[in-house]
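Since the structure is predicted, the reported quantities are computational estimates derived from the model, not experimental observations. FYI, the numbering just counts along the sequence from 1.
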Amino acid sequence: MDEELVELSVLSEIVPSKEEMERLDSIAGRLLEITRSYFEKKSIDVDVRLAGSYAKGSYLKDQDFDLFMMFPMNTPKKEMMDLGLQAGKDIIGGELIYSEHPYTTGFFEGIETDMVPCYKLPDTSHIRTAVDRTPFHTLYMNSHLTSDQKDQVRLLKKFMKGIGAYGAEQDSRGFSGYMCEVLVVKYGTFKEVLEASIQWKDGETIVVEEAGPHFKSALVVYDPVDRNRNAASSVHIDTLHLFQTAARAYLEDPREEFFFPRPRVPLAPEELEWICAKRKTKLVSVSFDRPDANEDNLQAQLWRTQYAIEKKFGEFDFKVLRAAHMLDEFRLRVVFELENDILSETVEHRGPPVRVKEASDNFLEHWKDNPYGNPYQNDGYWYVISPRPLRTAKEFLQKEVSISGIGRSLDPSTMEIRDHIEALYSEDTGLLTELLDPRYPWEN
């Protein structure tokens, strides 16, 4: 289908109607009025503003509100936080979210709303908290995005969501809404962003207003309102490559499936078992009780746990082919596809350099009655064939996971380990399908 027709069709689905916009405007007006009145009654000088996609006019139909309570710079930080968080509790019945910068989240007249305390600054050179620059983002975009470009931002956001590259949170490690806006300001249109992206190199540096210090990252985009910040710091190298692959595929064959992917139907356990049998691979999984922490923090710990166990597996000669994880209401789960889940009984063990007499004598004395053979020399070192300390993947997980560097909030006493057959028939089939038969969302 012609790309222009595809994009017009997508816009008809994602741009709120005039009635929806008027309804949101009315609710937003009441939220601002109530919040301003709240602080006026307490004689507290606070500038209350909406930020985020709604305030920039680039929001989709599933819109929420980001309300910023901007306190004078001379307000002590603890007082600013206490007053702002209490306002969130009082006005929207908000739940406190402990992130890098705490805020409250809840609902106002059915609209999901975040209420965020911050400082009102003259410019971004006075940044004090992680969110102080956000109001400047709103001002910048409102002065740089045309009405037509706001629809281009909408297309880019929906495209990112469709391919699984949207969001700066730890689970997605992708492009924030603000990054989508910056890219449209830089390149002009949705299509031009895609065309530019397929030329990016790993570590690509993009300057919209002014370059700042050197950053080492998969993608570097100098924040147009703060040259000392990389607005693309959340973008993982895998997400960058996913976006580039999707951009290339879309430009070759524009389809609505990039924006509205069909849900993947999980494979049955028997189908999953057949894939493993064909590849001659084995599965093993480990899960933990879900700790009491916010989801973004848990996602970070889940990635850390996956990487730590993968590294530890390698130290014990288990080869991990792929890994996948998920977070549900009760557990954190990681599943591994291994080249083999049972290793040989023995392993070659390297000893000290032959030239070091005392260490060599001790090594030879220790291994003199070794049932698997005498020590031998190779490349200037002593070697010996020794019994392998851990032979099965399940045994490895039981003994090594707690000291492998897993997420700090995970409790090893709640750990559950499943071997190949147990994992095939007990783990979430959607997770196993993602692991064993990965596909791009637009290919489902």
Q.
Pair Asp289, Arg331 - check salt bridge (charged side-chain N to carboxylate O under 4.0 Å, His left out), show working.
A. CA-CA 5 Å; Asp289 279 355; Arg331 305 283 285 179; 2.4 Å; yes

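- In this structure, Asp328 pairs ionically with Arg333, as a charged nitrogen and a carboxylate oxygen lie closer than 4.0 Å.
- Within the structure, every pair that satisfies the salt bridge (Lys or Arg N to Asp or Glu O under 4.0 Å) test and touches residues 27-43, not counting sequence neighbours, is listed here: Arg30-Glu109.
- The pair Arg23-Glu20 does not meet the salt-bridge criterion, since no charged nitrogen lies less than 4.0 angstrom from a carboxylate oxygen.
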(Q) Run Phe288 and Ile406 through side-chain contact (heavy atoms from CB on, under 4.5 Å) and show every step you take. (A) CA-CA 11 Å; Phe288 304 85; Ile406 61 175; 4.0 Å; yes

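- Counting only N and O atoms by type, the side chains of Glu273 and Tyr425 include a donor and acceptor under 3.5 Å apart.
- Listed by first and then second residue, the salt bridge (Lys or Arg N to Asp or Glu O under 4.0 Å) pairs involving residues 125-149 are Arg133-Asp226 (not counting sequence neighbours).
- Across all their heavy atoms, Gln306 and Ala324 have their closest contact at OE1-C, 3.9 Å.
- Seen from the ring of Tyr166, Lys161 counts as a face-on cation partner, given the 6.0 Å and 45° thresholds.
- Pairing each heavy atom of Val220 with each of Phe215, the nearest pair is CG2-O, 3.6 Å.
- The two residues Asp66 and Gly52 come nearest to each other via the heavy atoms OD2-CA, 3.7 Å.
- Just one of Lys56, Lys150, Arg154, Lys186 meets the salt bridge (Lys or Arg N to Asp or Glu O under 4.0 Å) condition when paired with Glu181; it is Lys56.
- With sequence neighbours left out, the side chain to side chain contact (heavy atoms under 4.5 Å, CB included) criterion links Asp64 to Glu112.
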Q: Show your reasoning for whether salt bridge (charged side-chain N to carboxylate O under 4.0 Å, His left out) applies to Asp223 and Arg227.
A: CA-CA 6 Å; Asp223 192 331; Arg227 62 187 291 272; over 6 Å; no

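- Formation of a donor-acceptor pair under 3.5 Å by the Gln149 side chain with backbone atoms of Gly188 is found in this model.
- For residues 394-410, the set of pairs meeting the salt bridge (Lys or Arg N to Asp or Glu O under 4.0 Å) definition, not counting sequence neighbours, comprises Lys312-Glu400, Lys394-Glu422, Glu395-Lys399.
- Sorted by first then second residue, the salt bridge (Lys or Arg N to Asp or Glu O under 4.0 Å) pairs that include residues 435-444, not counting sequence neighbours, are Arg264-Asp437, Asp437-Arg439.
- Considering all non-hydrogen atoms of both residues, Leu31 and Thr35 come closest at O-OG1, 2.8 Å.
- Within 6.0 Å of atom OH in Tyr440, 12 or fewer heavy atoms from other residues, nucleotides or ligands are found, so the atom counts as exposed in its surroundings.
- In summary, the side chains of Thr189 and Gln152 do not present any donor paired with an acceptor at a separation below 3.5 Å, with no hydrogens or angles considered.
- Nearest heavy-atom pair across Pro117 and His101 is O-NE2, 2.5 Å.
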Q.
Does Glu339 form a salt bridge (charged side-chain N to carboxylate O under 4.0 Å, His left out) with Lys282? I'd like the steps, not just the answer.
A. CA-CA 6 Å; Glu339 193 172 81; Lys282 297 293 184 180; over 6 Å; no

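- You'll find the side chain of Phe68 reaches within 4.5 Å of the side chain of Pro135, heavy atoms only.
- Counting heavy atoms from C-beta on, the side chains of Tyr222 and Ile206 never come closer than 4.5 Å.
- Atom CG of Asp292 sits in a sparse spot, with 12 or fewer heavy atoms from other residues, nucleotides or ligands closer than 6.0 Å.
- Taking the six-membered ring where tryptophan is involved, the planes of Tyr250 and Phe259 are perpendicular, since the angle between them exceeds 60° and thus also 30°.
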Which pairs would a plain distance check flag for residues 238-246, meaning a side-chain donor or acceptor within less than 3.5 Å of a matching protein atom at least two apart in sequence or in another chain?
from: Thr239; atom 1: OG1; to: Arg173; atom 2: O; distance (Å): 2.9
from: His241; atom 1: NE2; to: Asp202; atom 2: OD1; distance (Å): 2.8
from: Gln244; atom 1: NE2; to: Ser197; atom 2: O; distance (Å): 2.9
from: Gln244; atom 1: NE2; to: Trp200; atom 2: O; distance (Å): 3.0
from: Thr245; atom 1: OG1; to: His241; atom 2: O; distance (Å): 2.9

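- The number of heavy atoms from other shown groups lying within 6.0 Å of CZ (Arg290) is above 12.
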**Q.** Worked verdict on Glu337 versus Thr281 for side-chain hydrogen bond (donor to acceptor under 3.5 Å, both in side chains)
**A.** CA-CA 7 Å; Glu337 183 185 12; Thr281 58; 2.8 Å; yes

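- Contact between Leu121 and Phe136 at its shortest, heavy atoms only, is O-CZ, 3.3 Å.
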**Q.** Evaluation steps, ring pair (Phe, Tyr, Trp, His ring centres under 6.0 Å), between Phe65 and Tyr54
**A.** CA-CA 7 Å; Phe65 290 145; Tyr54 171 77; 5.1 Å; yes

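- At least one side-chain heavy atom of His325 sits under 4.5 Å from a side-chain heavy atom of Trp303.
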